[in-house]
Amino acid sequence: MRILLTGGAGFIGSACLRHFLDRGDEVVVVDAFEETLYPRAVKDAAVAESRQRGEFSLHEIDVRDRAGLMALAAEHGPFDALVHLAAVAGVRPSVEKASYYYDINVTGTQTVIDVARAHGAADRLILASSSSVYGGNTKTPFAETDDVSRPVSPYAASKLSLEHLARADHHLHGGNVSCLRFFTVYGPGQRPEMAIHKFMRLIDQGESIPMFGDGSSGRDYTYIDDIVAGVVAATDRPEGFKVYNLGGDRVVRLLDLIEAIGATVGKPVAIEQLPMQPGDVTLTMADVTRARAELGYQPKTSIEEGLSKMWAWFQGRKS
Ligand SMILES: NC(=O)c1ccc[n+]([C@@H]2O[C@H](COP(=O)([O-])OP(=O)(O)OC[C@H]3O[C@@H](n4cnc5c(N)ncnc54)[C@H](O)[C@@H]3O)[C@@H](O)[C@H]2O)c1
């Protein structure tokens, strides 16, 4: 399959890229090496690792650059699929940079949808959404049919907008598009500012870890290989317009997570308790029934196994 992949230098994108390369897909990668959350060097290293797995072309283009993307697609297309993972992620920074998040995650997504339509990929369009669209939903587990009309951060609102743009495009023009609501993804290569990676680093360095709230908040953590399997399944099984939860199928309380990371690292844990952050939600919990039934999605990695694999990776990259 010939795939246009946006965000292919990022955490989830580079893991998907390696999987596509391993199975022989031809991949054209777009990434702007955007640095709101973490430095370019991390993405350069991810690209170098991907290069060891196979050939692909990489284009440093911003997804808001309509002319640039259209020219690239005209030269390298047509594509069988477009997997759009490029975005500014992260709930907390979006509170201070709402219009920047809007530009990239909303305007950029419409541009990508237009490129897919113009260059053959509208029958397999995969878009990264997020569990954050559930906002302060208190009904658990979160199902795709739940009300998502109350986002609590600009990031969440931008991902809801992505889903709405995709739905409108599908209504007007048909095709197949899957919006994948990822639930907190972790594992080797995780973004350095995300909780598990940050906690591992701080505990290893003997520093205290900032804990927002009293530790009772819960997250449905999803191991990177399970997410990649979900992205690949959605790419391989076009099903009209669909929204899918991709979660780990188990909620872990923050305090339990911190304890488990401490046990994995094998060092004492010091916690600095801080107030809950604006935009944060207290719980995420995925109902993955639909993805299981329609994509054969089956999260396989327990948090203990996932932490242990991530710790092995973390130690390897320091040496
Ligand atoms: N990691 C998670 O837990 C999680 C959870 C829910 C949703 N998501 C979504 O999954 C996708 C991938 O997330 P990630 O964790 O790999 O983040 P990431 O930041 O590692 O990857 C995103 C990539 O997009 C690129 N990018 C940013 N702005 C761009 C622009 N204007 N043009 C082109 N490229 C641009 C970045 O340079 C980066 O390489 C994102 O859409 C994110 O919102 C992630």
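Counting convention: from 1, in listed order, for ligands and their atoms alike. What's counted below: heavy atoms across the whole structure, side chains too, no hydrogens, waters or symmetry copies.
Of the protein's heavy atoms, Ile12 N, 2.8 Å lies nearest to atom 16 (O) of ligand 1. Annotation: atom 21 (O) of ligand 1 to nearest protein heavy atom, Gly10 CA, 3.5 Å. Asp31 OD1, 2.6 Å is the protein heavy atom nearest to atom 37 (O) of ligand 1. Of the protein's heavy atoms, Arg191 NH1, 2.8 Å lies nearest to atom 15 (O) of ligand 1. Looking only at heavy atoms of the protein, atom 32 (N) of ligand 1 is closest to Val63 N, 2.9 Å. The shortest contact between atom 27 (C) of ligand 1 and any protein heavy atom is with Ala87 O, 3.3 Å. The shortest contact between atom 42 (C) of ligand 1 and any protein heavy atom is with Tyr155 OH, 3.5 Å.
Distance alone, capped at 3.5 Å, is enough to place a donor-acceptor pair between the Arg290 side chain and the Val243 backbone. Judged by distance alone, with hydrogens and angles left aside, the side-chain atoms of Thr284 form a donor-acceptor pair with the main-chain N or O of Asp220 at under 3.5 Å.
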Enumerate, atom names and distances included, each donor-acceptor pair closer than 3.5 Å involving a side-chain atom of residues 70-89, sequence neighbours excluded.
unit_1, atom_1, unit_2, atom_2, d
Asp80, OD2, Arg2, N, 2.7
His84, ND1, Thr6, OG1, 2.7
His84, NE2, Thr109, OG1, 3.1

I'd like a table of donor-acceptor pairs (distance under 3.5 Å, sequence neighbours excluded) in which one partner is a side-chain atom from residues 93-100, with atom names and distances.
unit_1, atom_1, unit_2, atom_2, d
Ser94, OG, Val91, O, 2.6
Ser94, OG, Tyr155, N, 3.1
Tyr100, OH, Glu34, OE2, 2.5

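No N or O atom of Met194 sits closer than 3.5 Å to an N or O atom of ligand 1. Polar contact check, Lys159 against ligand 1: a nitrogen or oxygen pair lies under 3.5 Å apart. Residue contacts with ligand 1: Ala86 is placed with no nitrogen or oxygen under 3.5 Å of a nitrogen or oxygen of the ligand (distance criterion only). For a threshold of 3.5 Å applied to N or O pairs, the pair formed by Arg64 and ligand 1 contains no separation below that value.
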Would Glu49 and Arg18 count as a salt bridge (charged side-chain N to carboxylate O under 4.0 Å, His left out) here? Give the steps.
CA-CA 9 Å; Glu49 196 183 329; Arg18 286 168 210 143; 3.7 Å; yes

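Ring geometry, Tyr223 versus Tyr186: the interplanar angle exceeds 60°, so the pair is classed perpendicular (tilted spans 30 to 60°).
The parts of Glu34 lying near ligand 1 are both backbone and side chain, judged by heavy-atom distances below 4.0 Å. Heavy atoms of Phe183 found under 4.0 angstrom from ligand 1: none, in either backbone or side chain.
In this structure, NZ on Lys198 lies 11.5 Å from CD on Glu207, to the nearest 0.5 angstrom.
Closest non-hydrogen pair, Leu283 versus Arg219, comes out as N-NH1, 3.9 Å.
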